Participant: 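Dropping the structure in here first, questions after.
Values below: every heavy atom of this structure, side chains too, minus hydrogens, waters and symmetry copies. These figures come from a predicted structure and were not determined experimentally.
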Amino acid sequence: MRRRSLLLAALPAGLVTLAGCGDNGPGKGKTGTSPSPSASAPSAAPPPKIVEGPLPAITAGTRFGEKPTVAKGPGSPSKDLAVKTVIAGGGPTVAENDYIQAHYLGQVWDTAKVFDNSYDRKTPLVIQLAQGGIIDGWRYALQGRKAGSRVLMAVPPAWGYGSQGNPEAGIKGTDTLVFVVDIQNTFNSKSSAKGKVVPQNDPNQPKVGTNTDGKAPSIEVPKVKPPTGLVANYVIEGGGETVAADSTVLVQYKGVLWDTGKEFDSTYSRGQLTSFSLQQVVKGWAQGLTGKKVGSRVLVVVPPKLGYGDNPPQGSGIKKDSTLVFSVDILAKM
């Protein structure tokens, strides 16, 4: 039982034009580094009634971000979804299909046996609250809560792992599950980089807009020959963790052609964030984002030898041996 314990199934990466072709071949993009412990299909249960209890007490680790200790469930659990905001945060409100960044602990109601927690791994979970990608109890319980909140919930089997349970985690099909979730952040299609604006003074390099209002930044390509090597410069320098060569990241991005300035791909246009492993994208992306900080906006200029070369994705509008220009907002490390 590891960091993808809440997943029903591994989700495909959204970066179609990068993860779908190039050095890694089609159809290899995944968001997780661990397999899902459950082969459950998306729940067919109706939306639950949300009630305030009963819920067990948090007996230690009561501050936001601290690993909690949770008592055994008091008596019989509710057949409904019991949810309580233990600590109210003041951040953005979580909506369905948002990505959240959160620490959590999960245990079985009857025994108080902890089956998973992110606190010991010292790495919060970043996951989308989307049907089929996470247990329904989380989807319904966390919608409407604010970042900075600690949420306590008791999830009956119908909105957990169903009647089949999760044998790998020691969860039976009759078990109600108790979770403590510390929501650190939430991300959606309007999310942007956050940090210090870095001057862009090289007239031979593209200039990227520095707006952080969730709208696509402008990319102005100079009328000069493209560079023969990779360019990866901060436009906005964030203050988060450093991205490693094997990291999985959540991003906003926009790509244009150097020759024409024409956009060929964009999460802004699709209205949907993308997550991918740096081991599953073209070399220019992998090399350009490695070492950069979460929260940053990065200008990445990818020469053909580090992009698609003479084999661009069919129907992408990218010609052979094209130099590609990207603005990439690194929102989170997953």
Participant: Between Asn185 and Tyr99, is there a side-chain donor-acceptor contact under 3.5 Å, judged purely by atom types and distance?
Facilitator: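 No.
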Participant: Whether the side chain of Ser275 engages the backbone of Leu250 through a donor-acceptor N/O pair (distance < 3.5 Å, no angle test) should be reported.
Facilitator: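 Answer holds: no.
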Participant: Does a side chain donor of either Asp116 or Tyr104 reach within less than 3.5 Å of an acceptor in the other side chain?
Facilitator: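 Tyr104 and Asp116 do have a side-chain donor-acceptor pair below 3.5 Å.
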Participant: Check whether Ser149 reaches the backbone of Lys146 with its side chain - one donor and one acceptor, N or O, closer than 3.5 Å.
Facilitator: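 It does hold such a pair.
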Participant: May I ask you to decide if Leu177's main-chain N or O and Asp175's side chain share a donor-acceptor pair within less than 3.5 Å?
Facilitator: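 Absent.
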Participant: Apply the test side chain to side chain donor-acceptor pair (under 3.5 Å) to residues Gln272 and Ser189: give CA-CA distance (whole Å), side-chain angles for both, the deciding distance (0.1 Å), then the verdict.
Facilitator: CA-CA 5 Å; Gln272 186 176 16; Ser189 61; over 6 Å; no
Participant: With distance as the sole test, does Asp98 use its side chain to make a donor-acceptor pair with the main-chain N or O of Ile100 at under 3.5 Å?
Facilitator: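 Side chain of Asp98 to backbone of Ile100, a donor-acceptor pair under 3.5 Å: no, none is there.
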Participant: Within the structure provided, determine whether Gln287 and Val300 are in side-chain contact (heavy-atom separation under 4.5 Å).
Facilitator: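 Not touching, per the 4.5 Å side-chain cut-off.
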Participant: Determine whether a donor-acceptor pair (N or O, by modelled atom type, separation under 3.5 Å) exists between the side chain of Trp159 and the backbone of Pro46.
Facilitator: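 The answer is yes, because a donor-acceptor pair under 3.5 Å joins these two groups.
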Participant: For Arg139, what residues pass the salt bridge (charged side-chain N to carboxylate O under 4.0 Å, His left out) criterion, not counting sequence neighbours?
Facilitator: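 By the salt bridge (charged side-chain N to carboxylate O under 4.0 Å, His left out) rule, Arg139 matches Glu96, Asp136.
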Participant: Among residues two or more places apart or on two chains, list those pairs meeting salt bridge (Lys or Arg N to Asp or Glu O under 4.0 Å) that have a residue in residues 222-245.
Facilitator: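 Residue pairs passing salt bridge (Lys or Arg N to Asp or Glu O under 4.0 Å), neighbours aside: Glu237-Lys293, Glu241-Lys333.
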Participant: If the condition is salt bridge (charged side-chain N to carboxylate O under 4.0 Å, His left out), which residues does Asp182 pass it with, not counting sequence neighbours?
Facilitator: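 Once residues adjacent in sequence are excluded, the partners of Asp182 under the salt bridge (charged side-chain N to carboxylate O under 4.0 Å, His left out) criterion are Arg150.
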Participant: Tell me which pairs pass salt bridge (Lys or Arg N to Asp or Glu O under 4.0 Å) where either residue lies in residues 74-84, with sequence neighbours left out.
Facilitator: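 Residue pairs with at least one partner in residues 74-84: there are none.
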Participant: Can you check whether Asn97's main-chain N or O pairs, donor with acceptor, with Gln128's side chain at less than 3.5 Å?
Facilitator: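 Yes, the answer is positive, given that a donor and an acceptor are paired below the 3.5 Å cut-off.
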Participant: Return the OH to OG distance between Tyr268 and Ser192, rounded to the nearest 0.5 Å.
Facilitator: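 Taking OH in Tyr268 and OG in Ser192, the distance rounds to 5.5 Å.
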Participant: Would Phe276 and Tyr253 count as a close aromatic pair, with their ring centres under 6.0 Å?
Facilitator: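 No, ring centres 6.0 Å or more apart.
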Participant: Atom CZ in Phe179, atom CG in Leu55: separation rounded to 0.5 Å?
Facilitator: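 Rounded to the nearest 0.5 Å, the CZ-CG separation comes out at 13.0 Å.
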Participant: Hydrogens and angles aside, do Thr85 and Arg145 bring a side-chain donor and acceptor to less than 3.5 Å of each other?
Facilitator: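 Short answer, yes.
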Participant: When you measure from the side chain of Gln107 to the backbone of Val70, do you find a donor-acceptor pair of N or O atoms at a distance under 3.5 Å?
Facilitator: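 Between the backbone of Val70 and the side chain of Gln107 there is a qualifying donor-acceptor contact (under 3.5 Å).
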Participant: Could you check whether any side-chain N or O of Asn188 sits under 3.5 Å from a backbone N or O of Lys190, counting only pairs where one atom can act as donor and the other as acceptor?
Facilitator: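 Confirmed, Asn188 side chain pairs with Lys190 backbone.
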Participant: Is a side-chain N or O of Arg297 found less than 3.5 angstrom from the main chain of Asn211, in a donor-acceptor match?
Facilitator: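 Answer holds: yes.
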Participant: Name the atoms and distances for all side-chain donor-acceptor pairs under 3.5 Å in residues 254-264, with sequence neighbours left out.
Facilitator:
{"residue": "Lys254", "atom": "NZ", "partner": "Pro217", "partner atom": "O", "Å": "2.9"}
{"residue": "Trp258", "atom": "NE1", "partner": "Val224", "partner atom": "O", "Å": "2.9"}
{"residue": "Thr260", "atom": "OG1", "partner": "Lys262", "partner atom": "N", "Å": "3.1"}
{"residue": "Glu263", "atom": "OE2", "partner": "Ser269", "partner atom": "OG", "Å": "2.8"}

Participant: For the side chain of Ser316 and the backbone of Ile318, is there at least one donor-acceptor N/O pair under 3.5 Å apart?
Facilitator: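 Yes, because the side chain of Ser316 sits within donor-acceptor range (under 3.5 Å) of the backbone of Ile318.
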Participant: Only distances under 3.5 Å count here; give the side-chain donor-acceptor pairs of residues 59-68 to other protein atoms, sequence neighbours excluded, each with its distance to 0.1 Å.
Facilitator:
{"residue": "Thr59", "atom": "OG1", "partner": "Thr69", "partner atom": "O", "Å": "3.3"}
{"residue": "Glu66", "atom": "OE1", "partner": "Thr62", "partner atom": "N", "Å": "3.4"}
{"residue": "Glu66", "atom": "OE1", "partner": "Arg63", "partner atom": "N", "Å": "3.2"}
{"residue": "Lys67", "atom": "NZ", "partner": "Asp120", "partner atom": "OD1", "Å": "3.1"}
{"residue": "Lys67", "atom": "NZ", "partner": "Asp120", "partner atom": "OD2", "Å": "3.1"}

Participant: Within 45 degrees of the axis of the six-membered ring of Tyr234 and under 6.0 Å from its centre: does Lys292 put its NZ or CZ there?
Facilitator: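 Yes.
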